[in-house]
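What follows is a single structure, written as structure tokens, with notes after it.
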Amino acid sequence: MVNIGLNKVQLSDLDELWAISYGPKADLKWMAYDGPYFENPVLDRETFLKGWGEKIVNQPNYRLIICDKQMIGLVTAYWEDAPLNQWLEVGMVIYNADLWGNGIESLVLKLWLKEMFDEYPQLPHLSFTTWSGNIGMQKVGEHAGMLKEGVIRKVRYWQGEYYDSVKYGILREEMGD
């Protein structure tokens with residue numbers, strides 16, 4: 001059994017996080033599934049550290065995924081309806097494709113959903129959005145007990161093809177132990 005933890009991002013974690021996400025240890029295959037239609041760039045170290053990396057340090061809605069004492073990814077949460085802050089969307093990425101498809105993702109998502117429900121006791125619902133080109137993330141949501149709540153057909157355009165946007169959600173009372 002693997003040991004999974006979710007740790008707040010510390011300033012001292014940023015070099016390793018950059019190395020596994022964009023740097024010399026990076027398996028950039030994750031970018032082909034994490035909203036590739038946005039065409040986000042591969043960030044150099046300085047841009048990452050001074051930009052996005054700096055913004056996630058010690059923030060409650062960002063955590064490092066630790067598997068058997070190794071940093072392997074990141075979970076996120078953001079307010080879909082800011083500034084009302086009543087609809088929280090979650091996300092996750094495991095940077096090394098060799099770790100995909102072995103159940104780690106569902107364990108991480110279940111843990112993150114529980115932590116977000118604990119962090120925000122007023123919320124009855126959590127969700128995430130993926131796209132029809134990311135079959136793996138859809139399976140992760142289902143294995144974590146989430147329901148497919150919506151499909152917006154053919155709105156994600158990538159490499160000359162339209163894909164669906166797919167929304168998964170779970171209610172607090174649907175969370176198993």
Co-membership, hydrophobic cluster, residues Val93 and Leu43, 4.5 Å side-chain: yes
Return the CG to OH distance between Asp44 and Tyr22, rounded to the nearest 0.5 Å. 11.0 Å
Would you check if the side chain of Asp164 reaches a backbone N or O of Val151 as a donor-acceptor pair within less than 3.5 Å? no
Do Leu99 and Cys67 have side chains that get closer than 4.5 Å, going by heavy atoms? no
Shortest non-hydrogen pair, Pro41 vs Met31, comes out as O-CE, 3.8 Å
So Met146 and Leu113, do their side chains get closer than 4.5 Å, heavy atoms only? yes
Considering all heavy atoms of both residues, which atom of Asn85 and which atom of Leu123 are nearest to each other, and what is their separation? O-CD2, 4.4 Å
So CG of Leu28 and CG of Asp34: to nearest 0.5 Å the spacing works out to 12.0 Å
Are Trp79 and Tyr62 linked, directly or through other ILVMFWY residues, by side chains that come within less than 4.5 angstrom of each other? yes
Linking I/L/V/M/F/W/Y whenever any side-chain heavy atoms sit under 4.5 Å apart, do Phe48 and Leu11 land together? yes
Atom OH in Tyr168, atom OG1 in Thr129: separation rounded to 0.5 Å? 11.5 Å
Taking the basic N atoms (NZ, or NE/NH1/NH2) and the acidic carboxylate oxygens, is any pair closer than 4.0 Å for Lys167 and Glu89? yes
With no hydrogens and no angle check, is any side-chain donor or acceptor of Trp18 less than 3.5 Å from a backbone partner on Leu49? no
Carboxylate-amine/guanidinium contact Lys8 Asp13, below 4.0 Å: no
Nearest-0.5 Å distance that lies between atom OH in Tyr162 and atom OH in Tyr37: 14.0 Å
Within a radius of less than 6.0 Å around CD of Glu46, do more than 12 heavy atoms belonging to other residues, nucleotides or ligands occur? no
Measure across Glu54 and Lys50 and return the closest heavy-atom pair with its distance rounded to 0.1 Å. OE1-O, 3.7 Å
Between the OG atom in Ser21 and the CD atom in Glu16, the distance rounded to the nearest 0.5 Å is 9.5 Å
SB check Glu142 Lys148 (cutoff 4.0 Å): no
Distance, nearest 0.5 Å, that separates CG of Leu6 from CD of Glu115: 5.0 Å
Could you point out which residue of Gln86, Arg172, Glu149 forms a side chain to side chain donor-acceptor pair (under 3.5 Å) with His125? Glu149
Are the side chain of Asn61 and the backbone of Thr76 linked by a donor-acceptor contact shorter than 3.5 Å? no
Closest non-hydrogen atom pair, Trp112 against Pro60: CH2-O, 3.7 Å
Hphob cluster co-occupancy, Trp87 + Ile170, side-chain heavy atoms under 4.5 angstrom: no
Are any side-chain N or O atoms of Asp27 and backbone N or O atoms of Lys29, one a donor and one an acceptor, separated by less than 3.5 Å? yes
With distance as the sole test, does Asn134 use its side chain to make a donor-acceptor pair with the main-chain N or O of Met137 at under 3.5 Å? yes
Checking the side chain of Asn3 only, and the main-chain atoms of Asp68 only, is there a donor and an acceptor separated by less than 3.5 Å? no
Between Trp158 and Tyr163, how do the two ring planes meet: parallel, tilted or perpendicular, split at 30° and 60°? tilted
Note, Val75 side chain near Val90 side chain (heavy atom, < 4.5 Å): no
Kindly indicate whether the side chain of Leu74, heavy atoms from C-beta on, has any atom under 4.5 Å from the side chain of Ile56. yes
Quick check: is Val57 connected to Leu64 through a chain of hydrophobic side chains (ILVMFWY, heavy atoms under 4.5 Å apart)? yes
Ring geometry between Tyr33 and Trp131 (parallel below 30°, tilted from 30 to 60°, perpendicular above 60°): tilted
Taking all atoms of both residues into account, what is the closest heavy-atom pair of Ile20 and Ile72, and its distance? CD1-C, 4.0 Å
Please find the pair of heavy atoms, one from Met71 and one from Ile66, that lie closest to each other, and give the distance. CA-CD1, 3.8 Å
